[in-house]
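What follows is one structure encoded as C-alpha coordinates, with my remarks underneath.
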Amino acid sequence: MRFPDRTTKIGQLISSYLEKKSNLEDHSVHLLFSANRWEMVPLIKQKLEQGINLVVDRYAFSGVAFTSAKPGFSLEWCMNPDIGLPKPDLVMFLQLNPNMAVNRGEYGIERYETSAFQRTVHQRFEELMKDASVNWKVIDAARTIEEVHRDIKVLSEDIIRLTQNQPVGELWR
Ligand code: 2DT
(Lines give C-alpha, C1' and ligand atoms only; values in the text may rest on other atoms or scores of the structure.)
Protein backbone atom coordinates (compact mmCIF):
# COMPACT_ATOMS: atom_id res chain seq x y z
CA MET A 1 0.00 0.00 0.00
CA ARG A 2 1.02 3.58 -0.39
CA PHE A 3 -0.13 6.82 1.18
CA PRO A 4 -1.60 9.07 0.11
CA ASP A 5 -3.88 6.58 -1.65
CA ARG A 6 -4.94 8.90 -4.45
CA THR A 7 -7.72 6.61 -5.72
CA THR A 8 -10.36 7.33 -3.04
CA LYS A 9 -12.57 10.46 -2.87
CA ILE A 10 -10.38 11.87 -0.09
CA GLY A 11 -7.27 10.81 -2.01
CA GLN A 12 -8.44 12.74 -5.08
CA LEU A 13 -8.71 15.94 -3.02
CA ILE A 14 -5.18 15.35 -1.74
CA SER A 15 -3.82 14.56 -5.19
CA SER A 16 -5.24 17.74 -6.68
CA TYR A 17 -3.66 19.69 -3.78
CA LEU A 18 -0.25 18.05 -4.31
CA GLU A 19 -0.41 18.73 -8.03
CA LYS A 20 -1.12 22.40 -7.17
CA LYS A 21 -4.44 22.22 -9.02
CA SER A 22 -6.23 23.28 -5.84
CA ASN A 23 -5.42 24.97 -2.55
CA LEU A 24 -6.46 23.65 0.85
CA GLU A 25 -5.99 25.15 4.29
CA ASP A 26 -2.96 23.57 6.04
CA HIS A 27 -4.83 22.06 9.04
CA SER A 28 -7.58 20.84 6.76
CA VAL A 29 -5.24 19.02 4.35
CA HIS A 30 -3.36 17.48 7.28
CA LEU A 31 -6.63 15.97 8.53
CA LEU A 32 -7.48 14.76 5.03
CA PHE A 33 -4.13 12.91 4.84
CA SER A 34 -4.96 11.29 8.18
CA ALA A 35 -8.53 10.46 7.10
CA ASN A 36 -7.03 8.86 3.98
CA ARG A 37 -5.18 6.43 6.30
CA TRP A 38 -8.14 5.79 8.59
CA GLU A 39 -10.42 4.98 5.65
CA MET A 40 -8.03 2.12 4.77
CA VAL A 41 -7.86 0.69 8.32
CA PRO A 42 -10.65 -1.90 7.79
CA LEU A 43 -8.77 -3.23 4.73
CA ILE A 44 -5.43 -3.14 6.58
CA LYS A 45 -6.88 -5.14 9.48
CA GLN A 46 -8.59 -7.59 7.14
CA LYS A 47 -5.34 -8.28 5.30
CA LEU A 48 -3.32 -8.66 8.51
CA GLU A 49 -5.92 -11.06 9.90
CA GLN A 50 -5.54 -13.14 6.73
CA GLY A 51 -1.83 -13.41 7.51
CA ILE A 52 -0.78 -11.04 4.74
CA ASN A 53 2.30 -8.90 5.42
CA LEU A 54 1.88 -5.28 4.37
CA VAL A 55 4.59 -3.05 2.97
CA VAL A 56 3.33 0.52 3.24
CA ASP A 57 4.88 3.58 1.62
CA ARG A 58 4.96 6.76 3.79
CA TYR A 59 2.02 6.28 6.22
CA ALA A 60 1.63 8.53 9.31
CA PHE A 61 5.31 9.46 9.60
CA SER A 62 5.26 11.50 6.41
CA GLY A 63 2.00 13.00 7.62
CA VAL A 64 3.69 14.38 10.73
CA ALA A 65 7.04 15.27 9.15
CA PHE A 66 5.54 17.24 6.26
CA THR A 67 2.85 19.21 8.10
CA SER A 68 5.08 19.98 11.09
CA ALA A 69 7.61 21.44 8.64
CA LYS A 70 5.07 24.21 8.03
CA PRO A 71 5.24 27.27 10.33
CA GLY A 72 3.11 27.05 13.48
CA PHE A 73 2.60 23.25 13.52
CA SER A 74 3.92 21.25 16.48
CA LEU A 75 4.91 17.61 16.19
CA GLU A 76 2.35 16.81 18.89
CA TRP A 77 -0.60 18.47 17.11
CA CYS A 78 0.34 16.68 13.91
CA MET A 79 0.58 13.27 15.57
CA ASN A 80 -2.82 13.47 17.27
CA PRO A 81 -5.17 12.42 14.44
CA ASP A 82 -3.01 9.36 13.67
CA ILE A 83 -2.84 8.07 17.27
CA GLY A 84 -4.20 4.53 17.38
CA LEU A 85 -3.61 3.60 13.73
CA PRO A 86 -2.32 0.04 13.20
CA LYS A 87 1.31 0.21 14.27
CA PRO A 88 4.01 -0.97 11.86
CA ASP A 89 6.37 -3.65 13.23
CA LEU A 90 9.22 -1.86 11.48
CA VAL A 91 9.68 1.57 9.90
CA MET A 92 12.47 1.93 7.37
CA PHE A 93 13.69 5.46 6.71
CA LEU A 94 15.39 5.72 3.34
CA GLN A 95 17.88 8.46 4.07
CA LEU A 96 18.94 10.68 1.20
CA ASN A 97 20.61 14.04 1.42
CA PRO A 98 18.09 16.68 0.18
CA ASN A 99 20.77 17.93 -2.25
CA MET A 100 20.88 14.48 -3.85
CA ALA A 101 17.10 14.07 -3.83
CA VAL A 102 16.89 17.03 -6.20
CA ASN A 103 18.44 14.85 -8.93
CA ARG A 104 15.82 12.11 -8.62
CA GLY A 105 13.06 11.69 -11.24
CA GLU A 106 10.52 14.47 -11.70
CA TYR A 107 11.63 16.34 -8.59
CA GLY A 108 10.19 19.83 -8.24
CA ILE A 109 6.85 19.37 -9.97
CA GLU A 110 4.60 18.73 -6.97
CA ARG A 111 4.00 20.80 -3.87
CA TYR A 112 6.64 20.35 -1.10
CA GLU A 113 9.40 19.53 -3.62
CA THR A 114 11.77 22.38 -2.79
CA SER A 115 15.15 21.99 -1.07
CA ALA A 116 14.37 24.40 1.77
CA PHE A 117 11.13 22.61 2.71
CA GLN A 118 12.72 19.15 2.32
CA ARG A 119 15.51 20.12 4.73
CA THR A 120 12.94 21.06 7.38
CA VAL A 121 11.02 17.82 6.70
CA HIS A 122 14.28 15.93 7.23
CA GLN A 123 14.76 17.61 10.62
CA ARG A 124 11.23 16.61 11.63
CA PHE A 125 11.93 13.00 10.67
CA GLU A 126 15.05 13.15 12.88
CA GLU A 127 12.79 14.28 15.76
CA LEU A 128 10.30 11.48 15.08
CA MET A 129 13.09 8.90 15.05
CA LYS A 130 13.95 9.73 18.68
CA ASP A 131 10.70 8.03 19.70
CA ALA A 132 11.79 4.60 20.90
CA SER A 133 8.20 3.25 20.83
CA VAL A 134 8.60 2.92 17.05
CA ASN A 135 11.06 0.41 15.57
CA TRP A 136 13.04 2.70 13.24
CA LYS A 137 15.78 1.54 10.92
CA VAL A 138 17.73 3.99 8.77
CA ILE A 139 18.76 2.84 5.30
CA ASP A 140 21.34 4.68 3.25
CA ALA A 141 19.43 5.38 0.03
CA ALA A 142 22.39 7.00 -1.75
CA ARG A 143 23.58 3.55 -2.90
CA THR A 144 22.43 1.45 -5.88
CA ILE A 145 18.87 0.13 -6.13
CA GLU A 146 20.24 -3.41 -5.66
CA GLU A 147 22.06 -2.55 -2.44
CA VAL A 148 19.09 -0.68 -0.99
CA HIS A 149 16.80 -3.54 -1.99
CA ARG A 150 19.03 -6.13 -0.33
CA ASP A 151 18.96 -4.24 3.00
CA ILE A 152 15.18 -3.77 2.86
CA LYS A 153 14.69 -7.48 2.08
CA VAL A 154 16.89 -8.70 4.94
CA LEU A 155 15.27 -6.36 7.49
CA SER A 156 11.78 -7.28 6.26
CA GLU A 157 12.37 -11.03 6.44
CA ASP A 158 13.82 -10.68 9.94
CA ILE A 159 10.89 -8.65 11.30
CA ILE A 160 8.31 -10.95 9.67
CA ARG A 161 9.92 -13.92 11.40
CA LEU A 162 10.16 -12.09 14.74
CA THR A 163 6.60 -10.73 14.92
CA GLN A 164 4.73 -13.52 13.15
CA ASN A 165 2.38 -14.43 15.99
CA GLN A 166 2.19 -11.08 17.74
CA PRO A 167 -0.91 -8.86 17.86
CA VAL A 168 -0.92 -5.59 15.94
CA GLY A 169 -0.06 -2.60 18.12
CA GLU A 170 -1.55 0.90 18.19
CA LEU A 171 0.61 3.73 16.87
CA TRP A 172 1.77 6.39 19.38
CA ARG A 173 -0.50 5.08 22.18
P1 2DT B 1 4.39 10.70 -3.20
O2 2DT B 1 3.00 10.32 -3.70
O3 2DT B 1 5.40 10.93 -4.29
O4 2DT B 1 4.86 9.76 -2.13
O5 2DT B 1 4.24 12.16 -2.54
N6 2DT B 1 2.53 13.68 2.43
C7 2DT B 1 2.30 12.35 2.44
C8 2DT B 1 2.00 14.53 3.41
O9 2DT B 1 2.20 15.73 3.39
N10 2DT B 1 1.23 13.97 4.40
C11 2DT B 1 0.97 12.62 4.44
O12 2DT B 1 0.25 12.17 5.36
C13 2DT B 1 1.54 11.77 3.42
C14 2DT B 1 1.26 10.30 3.44
C15 2DT B 1 4.67 13.73 1.16
C16 2DT B 1 3.29 12.42 -1.58
C17 2DT B 1 3.56 13.77 -0.94
O18 2DT B 1 2.62 13.99 0.13
C19 2DT B 1 3.29 14.27 1.34
C20 2DT B 1 4.93 13.86 -0.32
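One-based numbering, in listed order, for ligands and for the atoms of each. FYI, the numbering just counts along the sequence from 1.
The nearest heavy-atom contact from the protein to atom 7 (C) of ligand 1 is Phe33 CE2, 3.6 Å. When hydrogens are left out, the protein atom nearest atom 9 (O) of ligand 1 is Phe66 CB, 3.2 Å; that is the closest non-hydrogen contact.
Heavy-atom neighbours of Ile52 CD1 from other residues, nucleotides or ligands within 6.0 Å: above the threshold of 12. Enclosure of atom CD in Glu76 is not indicated, since only 12 or fewer non-hydrogen atoms of other residues, nucleotides or ligands lie within 6.0 angstrom.
A salt bridge is defined here as a Lys NZ or Arg NE, NH1 or NH2 lying under 4.0 Å from an Asp or Glu carboxylate O, and Glu110 with Arg6 meets this definition. A salt bridge links Asp151 with Arg143: the distance from a Lys NZ or Arg NE/NH1/NH2 to an Asp or Glu carboxylate oxygen falls below 4.0 Å.
Interface atoms of ligand 1 facing Arg37, defined by a heavy-atom separation under 4.0 Å, are 11 (C), 12 (O), 14 (C). Remark: ligand 1 atoms within the under-4.0 Å shell around heavy atoms of Gly63 are 10 (N), 11 (C), 12 (O). Here is the list of ligand 1 atoms found below 4.0 Å of a heavy atom in Phe3: 14 (C). Here is the list of ligand 1 atoms found below 4.0 Å of a heavy atom in Arg6: 1 (P), 2 (O), 5 (O), 16 (C).
Looking at Pro4 against ligand 1, both its backbone and its side chain come within 4.0 Å, counting heavy atoms. Contacts between Tyr59 and ligand 1, counted as non-hydrogen atom pairs separated by less than 4.0 Å, involve the backbone only. Only side-chain heavy atoms of Leu18 come within less than 4.0 Å of ligand 1; its backbone N, CA, C and O stay farther off.
Trp38 has its ring centre no less than 6.0 Å from the ring centre of Phe33.
Residue contact annotation: Arg2 has a non-hydrogen atom under 4.0 Å from ligand 1.
Using modelled atom types, one finds a donor on one side chain and an acceptor on the other under 3.5 Å when comparing Arg111 with Asn23. In this model, no donor atom of one side chain and acceptor atom of the other lie less than 3.5 Å apart for Gln12 and Ser15.
Glu170 places no side-chain N or O within donor-acceptor distance of the main-chain N or O of Arg173, the cut-off being under 3.5 Å.
Here the shortest heavy-atom distance to atom 5 (O) of ligand 1, taken over Arg58, Gln118, Lys70, belongs to Arg58.
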